[in-house]
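Right, one structure below, let's go through it.
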Amino acid sequence: MLGVILAAVVVGCVGIFIGFFLGIAGDKLAVEVDEKEEAILGVLPGNNCGGCGYAGCSGLAAAIAKGEAPINQCPVGGDPVANQIGDIMGIKAEAGSKKVAFVHCAGSADVAKNKYEYSGIEDCSAMAYVPGAGPKTCKYGCLGYGSCVKACPFDAIHIVDGVAKVDREACKACGKCIAACPKKLIDLVPYDAQYIVKCTSKDKGKVVMDSCGAGCIGCGLCQKNCEHDAIHMVDNIASIDYDKCTHCGLCATKCPKKIIKMIYET
């Protein structure tokens with residue numbers, strides 16, 4: 001009986017000692033929590049989409065709290081979240097330009113030509129291992145197998161008639177679809193942009209016409225007729241400078257292939 005009591009006392013003393021040691025160690029080794037970082041994390045959307053350039057919302061919150069990232073770095077939260085973070089940091093948030101992803105391809109099934117009929121894995125990245133990098137004659141065109149669709153965490157992009165199309169209202173400009181597109185057809189454009197070039201082909205006119213009925217042929221009429229120096233030919237493809245564009249629509253009117261369109265009509 002004495003042995004049992006002695007064992008209980010020893011175990012109790014050891015427990016008390018360990019508890020005391022852990023209490024001291026906890027105080028000494030405690031990691032200080034940045035209250036601003038915690039507050040910023042609380043107002044971020046929590047999507048952890050990576051569109052800000054950080055691994056997740058916690059990474060961005062830490063960077064903002066340390067002054068290593070701007071308070072409007074979150075593309076999903078936009079100005080409302082930037083304003084809240086600005087209040088936490090004591091900084092006035094600058095109004096940012098809302099952006100939206102856009103797919104620069106008009107090569108739908110009725111105008112884009114195919115070299116052969118493809119039957120296999122429906123993944124755009126897999127086309128790098130398929131003869132001719134896919135069945136489409138145009139090597140710049142949307143493959144239509146939905147790698148961007150799978151990458152989008154907001155269900156904002158879908159394949160319509162063989163080409164990826166972005167839902168402008170659902171898009172949060174996180175950039176996931178941009179990273180997923182092996183053809184580099186997707187980029188971010190201003191949400192209030194009215195005219196867009198729906199092609200990225202760098203081929204010359206005849207090659208384009210032999211491949212697709214809706215491609216830029218590099219004629220340069222849009223550039224010649226723009227009164228605001230807002231559109232230029234770069235590598236045989238028209239490119240709009242949205243800082244200069246006045247939305248007059250003259251480039252779209254003059255385009256013989258009609259690949260410059262109003263963005264909400266695409």
Side-chain angles (χ1 to χ4, degrees), residues 51 70 72 75 78-79 82 93-108 110-113 136-142 148 156-157 160-175 177-178 181 183-266:
N72 60 354
D79 287 343
E94 294 182 6
S97 174
K98 183 179 179 181
K99 293 193 174 183
V100 65
F102 186 85
V103 183
H104 294 270
C105 181
S108 55
D110 58 332
V111 294
K113 299 176 183 178
K136 277 193 173 181
T137 303
C138 176
K139 62 184 178 182
Y140 297 97
C142 177
C148 55
I157 188 166
V160 179
D161 198 17
V163 176
K165 186 174 182 180
V166 176
D167 180 340
R168 297 173 69 240
E169 303 308 320
C171 177
K172 304 299 182 184
C174 71
C177 58
I178 297 173
C181 178
K183 296 287 187 175
K184 305 305 177 187
L185 293 172
I186 311 173
D187 68 1
L188 297 179
V189 300
Y191 180 83
D192 58 0
Q194 293 189 30
Y195 290 91
I196 204 88
V197 180
K198 292 196 68 178
C199 183
T200 59
S201 176
K202 295 178 176 62
D203 288 330
K204 293 188 176 179
K206 186 178 186 307
V207 177
V208 173
M209 289 190 289
D210 289 342
S211 303
C212 181
C216 176
I217 57 175
C219 66
L221 285 175
C222 53
Q223 177 177 312
K224 294 172 186 175
N225 286 277
C226 180
E227 299 175 353
H228 307 282
D229 192 39
I231 189 165
H232 297 92
M233 301 305 301
V234 180
D235 293 330
N236 293 320
I237 184 72
S239 177
I240 297 175
D241 182 340
Y242 292 105
D243 290 331
K244 294 181 179 179
C245 181
T246 62
H247 317 301
C248 69
L250 190 58
C251 57
T253 302
K254 296 296 181 179
C255 178
K257 300 302 290 184
K258 304 304 177 187
I259 56 97
I260 303 177
K261 293 180 175 287
M262 296 193 81
I263 191 169
Y264 48 80
E265 291 180 347
T266 57

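Both backbone and side-chain heavy atoms feed into the values below; hydrogens, waters and symmetry mates do not. Remember, predicted model here, so these are calculated numbers, not experimental data.
Every residue meeting the side chain to side chain donor-acceptor pair (under 3.5 Å) condition with Asp210, not counting sequence neighbours, appears here in chain and number order: Lys206. Ser239 meets the side chain to side chain donor-acceptor pair (under 3.5 Å) test with no other residue; sequence neighbours excluded. Listed by chain and residue number, nothing satisfies the side chain to side chain donor-acceptor pair (under 3.5 Å) test with Asp192 (two or more places apart in sequence, or in another chain). Considering only residues two or more places apart in sequence or on other chains, Glu227 meets the side chain to side chain donor-acceptor pair (under 3.5 Å) condition with none of them. Residues that satisfy the side-chain contact (heavy atoms from CB on, under 4.5 Å) test with Asp110, not counting sequence neighbours, are Ser108, Asp161.
Applying the salt bridge (charged side-chain N to carboxylate O under 4.0 Å, His left out) test to residues at least two apart or on different chains, the pairs with a partner in residues 237-257 are Asp229-Lys244.
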>> Checking Cys171 against Ile157 for the side chain to side chain contact (heavy atoms under 4.5 Å, CB included) test, could you report, in this order, the C-alpha distance in whole Å, the side-chain angles of both residues, the deciding distance, and whether it holds?
In response: CA-CA 8 Å; Cys171 177; Ile157 188 166; over 6 Å; no

> So Cys222 and Met233, side chain to side chain contact (heavy atoms under 4.5 Å, CB included) or not? Walk me through it.
Replying inline: CA-CA 9 Å; Cys222 53; Met233 301 305 301; 4.0 Å; yes

> side chain to side chain contact (heavy atoms under 4.5 Å, CB included) between Lys99 and Val189: does it pass, once the steps are laid out?
Replying inline: CA-CA 5 Å; Lys99 293 193 174 183; Val189 300; over 6 Å; no

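Other residues, nucleotides and ligands contribute only 12 or fewer heavy atoms inside 6.0 Å of the NZ atom of Lys139.
A donor and an acceptor atom, one from each side chain of His228 and Thr246, are located under 3.5 Å apart. Side-chain contact annotation: Tyr191 with Glu169, donor-acceptor N/O pair under 3.5 Å present.
Taken from CD1 in Ile259 to SG in Cys216, the straight-line distance is 4.5 Å, to the nearest 0.5 Å.
Heavy-atom minimum distance, Ala193 versus Tyr242: CB-CE2, 3.6 Å.
Counting only heavy atoms from C-beta outward, the side chains of Val197 and Lys261 never approach each other to under 4.5 Å.
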